[in-house]
2 protein chains.
Amino acid sequence: MKPKIEDVAKLAGVSPTTVSRVLNNRGYISNETRDKVQKAMNELNYFPNDVARTLFNKRSNLIGLILPTTSNPFFGELTFHLENICASLGYKVLLCNSLNQIDKEEKYLEMLLRNQVDGIIVGTHNRGILDYHKQGLAVVAIDRYLSETIPVVSSDNYEGGKMATDLLIEDGCKCIALIDGVGELETPARLRRKAYVDLMEEYGRAPIIYEIPEVFDKKSQQDVISRLFHECPEVDGVFATNDIFAASFINEATSRGKNVPGDVKVVGYDGTETAQILLPQLTTIKQPIELIAKTAIDILLKEIEREFTDFPLETRLPVKLSKGTSA
Amino acid sequence: MKPKIEDVAKLAGVSPTTVSRVLNNRGYISNETRDKVQKAMNELNYFPNDVARTLFNKRSNLIGLILPTTSNPFFGELTFHLENICASLGYKVLLCNSLNQIDKEEKYLEMLLRNQVDGIIVGTHNRGILDYHKQGLAVVAIDRYLSETIPVVSSDNYEGGKMATDLLIEDGCKCIALIDGVGELETPARLRRKAYVDLMEEYGRAPIIYEIPEVFDKKSQQDVISRLFHECPEVDGVFATNDIFAASFINEATSRGKNVPGDVKVVGYDGTETAQILLPQLTTIKQPIELIAKTAIDILLKEIEREFTDFPLETRLPVKLSKGTSA
DNA sequence: CTGAAAGCGCTTACAG
DNA sequence: CTGAAAGCGCTTACAG
């Protein structure tokens with residue numbers, strides 16, 4: 001069996017209390033005793049049981065991460081950064097891919113609570129979170145408004161939407177469409193659309209909006225884009241609110257014999273590493289993914305430490321235009 | 001504070017033992033008592049503390065996942081499937097992005113052990129795993145040989161490498177180069193290279209191999225590919241052992257005014273959803289990612305349950321040629 | 001059908 | 001400077 005503190009104590013000829021003290025570097029211990037204990041730990045190849053520690057300390061150092069899916073490059077990269085920063089701070093990450101399905105999200109939430117996570121980072125619209133947050137659970141949302149008291153971290157979506165639309169207008173596009181997810185929720189990402197609509201109206205044009213119902217379903221994307229071509233054959237500019245949509249559009253356009261950017265210009269959103277390598281010609285609005293991760297964790301840790309001093313309820317991080325050839 | 005079993009017991013007017021029994025559905029309980037307890041649990045909004053359970057049961061239902069990075073679409077998708085299958089079976093996933101760095105891998109391994117994971121799925125070359133596996137830790141490797149006794153799950157790399165090379169030869173390429181990661185380790189993925197080398201020799205040609213030292217570093221990729229063009233301007237066929245390398249090559253080729261597939265044909269490896277959407281023109285060898293995940297978990301659970309009956313030490317899952325226009 | 005007691009592996013007052 | 005005792009929240013023999 002795995003050695004426990006008692007085994008170490010016996011071998012070193014001291015009490016478990018003493019072993020615990022050298023483990024945690026707490027209280028006074030003579031160097032001689034410390035050495036004895038260290039030697040015993042090495043000999044037995046002893047590692048403390050963090051489950052027992054958690055039970056006593058009421059501190060798991062565990063962070064729950066709920067997001068749609070790491071298959072999506074934006075969330076894949078966000079997950080990488082979140083986890084890596086957590087690890088560097090001594091936190092561990094329990095991963096939950098909810099695919100935005102409410103029932104899954106609720107199960108995951110319960111699972112995280114049972115496992116005594118210290119805090120949760122949410123990238124999905126999990127309303128259940130709300131109740132637990134009120135009961136003192138530390139929560140940070142990424143690109144989601146969950147409640148008045150849950151801090152939100154996001155890229156500057158409005159500015160990004162504005163940059164994208166502006167670029168298409170300046171490029172001389174006459175008929176600019178938006179490809180977006182469906183809009184049940186009031187998310188910050190919805191500001192990308194708002195910027196588009198505002199700008200179109202400012203220029204006296206009617207917004208043309210296409211919504212993709214199942215964001216993570218290829219078929220669903222193709223259907224909507226086909227419809228777009230069917231209903232708006234004169235489209236010559238597209239702002240897609242993420243790079244996957246942009247790529248789907250470009251594929252469909254190309255297979256219809258349209259040239260990008262000759263016949264139709266395209267701007268995406270996200271600017272993940274993956275998209276930049278696989279589709280470098282895409283002009284897109286680049287989110288500061290690592291900075292988003294860093295900021296979210298920063299705020300979450302303040303909540304966990306109950307430093308309700310002055311962390312911001314909403315943080316908008318700057319975006320950058322990444323110029324390719326598609327617009 | 002969070003309610004505990006004792007609070008439920010008091011409210012229901014029974015003993016903690018009884019509450020535990022209804023929680024676990026063990027032993028006989030009268031329906032009347034069960035109802036009383038259920039009601040008390042609802043009223044208090046009680047959830048069992050899994051940390052305490054784990055401590056007693058010596059079973060955490062936690063699976064550790066060590067891989068290079070979820071930023072890479074192959075691992076992002078693999079992670080999604082692994083986690084989702086785990087969740088459906090009542091297991092939870094502790095995520096570790098090691099970036100293939102040995103020191104990180106060792107720290108992660110120790111962390112997982114301290115947290116009493118029931119098993120580990122490894123997609124990196126963590127030699128340390130070896131020792132712990134011998135001490136009874138359940139381990140499954142994906143695309144890695146870690147020891148004689150650690151089961152490996154992978155796609156049929158040799159067959160995939162053969163398909164890719166064959167295709168280029170049949171397409172009439174005269175000068176076919178391989179772009180691969182560096183080859184310190186004897187991994188199954190190395191069979192992709194072996195198939196290429198074997199086939200080239202069979203056709204009486206000299207293998208041309210370019211190795212990318214830092215797989216997850218863009219700069220490193222570009223340097224090697226530039227060198228390839230410099231040293232082999234006559235290259236007219238490339239087998240890249242993953243889609244990211246393939247994309248980098250295509251970008252570099254295009255920016256040098258070469259046409260793909262006109263001047264040079266390219267075949268990749270992996271065939272992730274992401275790459276298929278962002279770079280649909282890429283001809284590639286598609287790994288059955290979900291099946292790999294399912295198989296790995298299957299085997300891991302058998303190890304955990306100590307069903308050392310007959311799980312295979314090596315599983316090679318079939319690949320498929322995904323025909324784009326790049327070759 | 002139900003409960004009192006002991007224990008999972010640790011830590012922290014409290015004594016000495 | 002070190003140790004005995006109690007307790008973190010649960011579960012499981014063992015009685016009754």
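Keep in mind that the numbers below use all heavy atoms, side chains included, and drop hydrogens, waters and symmetry copies. Chain A is the first sequence line, chain B the second, and so forth, proteins listed ahead of strands; every chain is numbered from 1.
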Should the heavy atoms of other residues, nucleotides or ligands under 6.0 Å from CZ of Arg114(A) be counted, would the total exceed 12? yes

Do the non-hydrogen side-chain atoms of Asn100(A) and Glu105(A) ever get within less than 4.5 Å of each other?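 Side-chain contact under 4.5 Å: yes.
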
Would you say Lys92(A) and Leu62(B) make side-chain contact, with heavy atoms under 4.5 Å? no

Would you mind reading off the distance between [X] atom [atom1] and [N] atom [atom2], rounded to a whole angstrom?
| X | N | atom1 | atom2 | result |
| --- | --- | --- | --- | --- |
| Asn25(A) | dC1(D) | CG | P | 14 Å |
| Arg114(A) | dG9(D) | CZ | P | 16 Å |
| Glu6(B) | dA5(C) | CD | P | 14 Å |
| Glu32(B) | dC1(C) | CD | C1' | 11 Å |
| Arg59(A) | dC10(C) | CZ | C1' | 17 Å |
| Asn24(B) | dT12(D) | CG | P | 6 Å |
| Asn57(B) | dG9(C) | CG | P | 12 Å |
| Phe47(A) | dG9(C) | CZ | P | 17 Å |

Report the nucleotide, chosen from [options], that has the shortest atom-to-atom distance to any side-chain atom of [X].
| X | options | answer |
| --- | --- | --- |
| Phe56(A) | dA4(C), dT11(C), dC8(C) | dT11(C) |
| Lys58(B) | dT11(C), dC10(C), dC8(C) | dC8(C) |
| Ser15(A) | dC10(D), dG3(D), dC8(C) | dG3(D) |
| Thr17(A) | dG9(D), dT12(C), dC1(C) | dT12(C) |
| Ile5(B) | dG3(C), dT11(D), dT2(C) | dT11(D) |
| Lys4(B) | dG9(D), dT2(C), dT12(D) | dG9(D) |
| Leu55(B) | dC10(D), dC8(C), dT12(C) | dC8(C) |
| Ser30(B) | dT11(D), dC1(C), dG3(D) | dC1(C) |
| Thr18(B) | dT11(C), dT2(D), dT2(C) | dT2(C) |

Need the pair for dA13(C). Rule: Watson-Crick or G-U wobble, both distances under 3.5 Å, any strand; none if unpaired.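 Its partner is none (no Watson-Crick or G-U wobble pair with both distances under 3.5 Å).
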
Find the partner of dA4(C): check Watson-Crick (N1-N3 plus N6-O4 or O6-N4) and G-U wobble (N1-O2, O6-N3) distances, both under 3.5 Å, and reply none if neither fits. none

Tell me what Val51(A) touches on the nucleic acid: a base, only sugar-phosphate, or nothing, going by heavy atoms under 4.0 Å.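 Touches nothing.
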
Under 4.0 angstrom, heavy atoms only, what part of the nucleic acid is Thr33(B) near: base, sugar-phosphate, or nothing? sugar-phosphate

Select from Arg21(A) and Lys2(A) the residue whose nearest nucleotide in DNA chain C is closer to the 5' end of that strand.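 Its nucleotide being nearer the 5' end, the pick is Lys2(A).
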
Between Ala52(B) and Tyr28(B), just flag the one whose closest nucleotide in DNA chain C comes earlier from the 5' side.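 Closest to the 5' end, via its nearest nucleotide, is Tyr28(B).
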
Does [N] have OP1 or OP2 under 4.0 Å away from a side-chain N or O of [X]?
| X | N | result |
| --- | --- | --- |
| Tyr46(B) | dG9(D) | no |
| Arg53(B) | dT11(D) | yes |
| Arg26(A) | dT11(C) | no |

Closer than 3.5 angstrom, by distance alone: can the side chain of Glu303(A) be matched with the main-chain N or O of Val139(A) as a donor-acceptor pair? yes

Would you say the side-chain atoms of Ser60(A) and Gln116(A) include a donor-acceptor pair closer than 3.5 Å? no

Is it true that the side chains of Ser15(A) and Thr18(A) contain a donor and an acceptor less than 3.5 Å apart? yes

